[in-house]
Q: 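Below is a structure I'd like to ask you about.
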Amino acid sequence: MRGLSRASLVEVEERFNSVAGSADLGALSDELFAIADLLDREHGLRRALSDPARPAEQKAGVLRSLLQGKVGEAALATAEAAVSARWSRTGDLADVLERLGVVAAAAEAESQRRLDDVEDEIFRFGRIVAANPDLRRALADASAPEEGKRALLRSLLEGKVAPTSLRLITQLVVHPRGRSLEAGLEEVGRLVAQQRQRLVAVVRSAVELTDAQKQRLTAWLRASYGRDVHLNVEVDKRVLGGFSVRIGDEIIDTTIVGRIEEVRRRLAG
């Protein structure tokens, strides 16, 4: 989000933080997702509730009349703050509610000491989807019924991943909101990592790293970036020794393949 929306996001986050502490975080997450989905479906409602020319109190009143008794007070207060704010584009209103739904889910996982599990499971699910084109097509099929996708995800993941992971993956699959599944998983992984203000490092290696190697790499990255770092390790047989680390747009490449490519670039230059 940029400009006006960035400032409004801070305001809504402050309201969310003030009400989320006493809420059932799992229910709050589901309710914020449901409100975002409602605004995505009802274009006229979204335009009306994001119209900067309308008084904030009027927009909040309309929202409360629609949702009171259907969602908890924490979700309603957060949504009222969102419609009372000003946004650079109408889509940002639903975006911020979905974003805070992810934050609520991550906070629930952290309270259950399962935040690391959720980060790992979202990353691994992305790798599974990438390696299974049939599964990816089934999950991305816009004509497939929502309940069929939910049932497929339950059959694949229920009891095998944290409930928070299943909640977040299901939201992305059933309500992609114009994103590819891969992009959605990456975005959610970043938001989950931010729950403890950590960077996410994607490590590609020809072999699985040992726990000792992961600890040394994590310590080195923490010292280099001045922040905690969560490792997502991807085993890639195409790596011919060494490893590469991607943090955001920055890549640290110690692989033989990377060195060969660097030599080729220099020769071509």
Side-chain angles (χ1 to χ4, degrees), residues 20 23-38 40 75 94-95 97-196 198 200-205 208-209 211 214 230-236 246:
D24 178 327
L25 292 169
L28 176 57
S29 175
D30 288 339
E31 289 166 355
L32 291 174
F33 286 154
I35 298 170
D37 299 338
L38 171 66
D40 281 336
D95 288 349
L97 293 172
E98 185 191 56
R99 176 191 180 102
L100 292 175
V102 175
V103 172
E108 179 186 50
E110 185 173 32
S111 71
Q112 298 168 346
R113 300 182 183 275
R114 299 202 68 176
L115 193 59
D116 283 341
D117 292 340
V118 172
E119 289 182 76
D120 289 337
E121 288 160 1
I122 289 173
F123 176 77
R124 288 203 304 270
F125 185 74
R127 303 282 73 76
I128 291 170
V129 169
N132 291 270
D134 290 342
L135 174 60
R136 187 188 185 285
R137 280 192 293 271
L139 295 176
D141 184 358
S143 65
E146 290 185 6
E147 189 48 49
K149 293 181 180 180
R150 292 181 186 276
L152 175 58
L153 289 172
R154 286 195 298 268
S155 69
L156 290 172
L157 301 176
E158 197 165 39
K160 301 173 185 176
V161 300
T164 296
S165 301
L166 181 56
R167 171 181 285 115
L168 293 174
I169 292 169
T170 299
Q171 171 66 16
L172 289 171
V173 169
V174 176
H175 302 286
R177 308 191 65 237
R179 299 165 300 204
S180 69
L181 182 54
E182 293 86 349
L185 289 167
E186 184 173 348
E187 180 180 349
V188 166
R190 177 179 56 79
L191 290 173
V192 170
Q194 285 179 358
Q195 181 64 24
R196 282 198 300 239
R198 296 188 299 181
V200 176
V202 178
V203 182
R204 291 175 60 243
S205 173
E208 186 68 50
L209 299 184
D211 288 341
K214 291 178 183 178
H230 176 78
L231 298 185
N232 284 330
V233 180
E234 179 179 354
V235 176
D236 187 343
R246 177 170 62 85

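Each residue takes its place number in the sequence, starting with 1. No hydrogens, no waters, no symmetry mates; every other heavy atom, side chains included, goes into these values.
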Q: Drop me the distance from D117's CG to T164's OG1, to the nearest 0.5 angstrom.
A: 10.0 Å
Q: Is any NZ, NE, NH1 or NH2 atom of the basic residue among R136 and E182 found under 4.0 Å from an Asp or Glu carboxylate oxygen of the other?
A: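 So R136 pairs with E182 through a salt bridge.
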Q: Take K214 and V233 through the side-chain contact (heavy atoms from CB on, under 4.5 Å) test and state the conclusion after the steps.
A: CA-CA 9 Å; K214 291 178 183 178; V233 180; 4.1 Å; yes
Q: Mark yes when over 12 heavy atoms from residues, nucleotides or ligands other than E186 sit less than 6.0 Å from its CD; otherwise mark no.
A: no
Q: To the nearest 0.5 Å, what is the distance between CZ on R167 and CG on D30?
A: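 Separation between the atoms: 4.5 Å.
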Q: Rounded to the nearest 0.5 Å, what separates atom OG in S165 from atom CD1 in I122?
A: 5.5 Å
Q: Within the distance-only criterion (no hydrogens, no angle test), does the side chain of N132 pair as donor or acceptor with the backbone N or O of L135 below 3.5 angstrom?
A: no
Q: Counting distance only, does the side-chain N/O of S29 pair as donor-acceptor with the main-chain N or O of G101 below 3.5 Å?
A: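 Yes; at least one donor-acceptor contact below 3.5 Å.
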Q: Is there a side-chain contact between F33 and H175, using heavy atoms and a 4.5 Å cut-off?
A: no
Q: Drop me the distance from D24's CG to E108's CD, to the nearest 0.5 angstrom.
A: 6.5 Å
Q: With side chain to side chain contact (heavy atoms under 4.5 Å, CB included) as the test, pick out the partner of F125 among V161, L153, L172.
A: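 Only one of V161, L153, L172 forms a side chain to side chain contact (heavy atoms under 4.5 Å, CB included) with F125, namely L153.
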Q: I'd like to check R99 versus L32 (side-chain heavy atoms, cut-off strictly below 4.5 Å). Are they in contact?
A: no
Q: Are R177 and D95 ion-paired here, with the side-chain N under 4.0 Å from a carboxylate O?
A: yes
Q: Are side-chain heavy atoms of R114 and P163 found at a separation under 4.5 Å?
A: yes
Q: Distance from L166 atom CG to E121 atom CD, nearest 0.5 Å?
A: 10.0 Å
Q: Measuring only between side-chain heavy atoms, which start at C-beta, is L185 closer than 4.5 Å to I169?
A: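 The answer is yes; the side chains approach within 4.5 Å.
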Q: Distance from T170 atom OG1 to E146 atom CD, nearest 0.5 Å?
A: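 Spacing of OG1 (T170) from CD (E146) equals 11.0 Å.
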Q: Closer than 3.5 angstrom, by distance alone: can the side chain of K149 be matched with the main-chain N or O of V174 as a donor-acceptor pair?
A: no
Q: In plain terms, say whether R124 and E234 are close enough for a salt bridge, that is, a side-chain N and a carboxylate O under 4.0 Å apart.
A: no
Q: Would you mind reporting whether V192 and L168 have side-chain heavy atoms less than 4.5 Å apart?
A: yes
Q: Minimum heavy-atom separation for I35 and A75, please, with both atom names.
A: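 Smallest interatomic distance, heavy atoms only, reads CD1-O, 4.2 Å.
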Q: Keeping the roles fixed (side chain from S180, backbone from A183), state whether a donor-acceptor pair exists under 3.5 Å.
A: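 Yes, because the side chain of S180 sits within donor-acceptor range (under 3.5 Å) of the backbone of A183.
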Q: Taking all heavy atoms of A104 and all of L25, pick out the closest pair and write down the distance.
A: O-CB, 3.6 Å
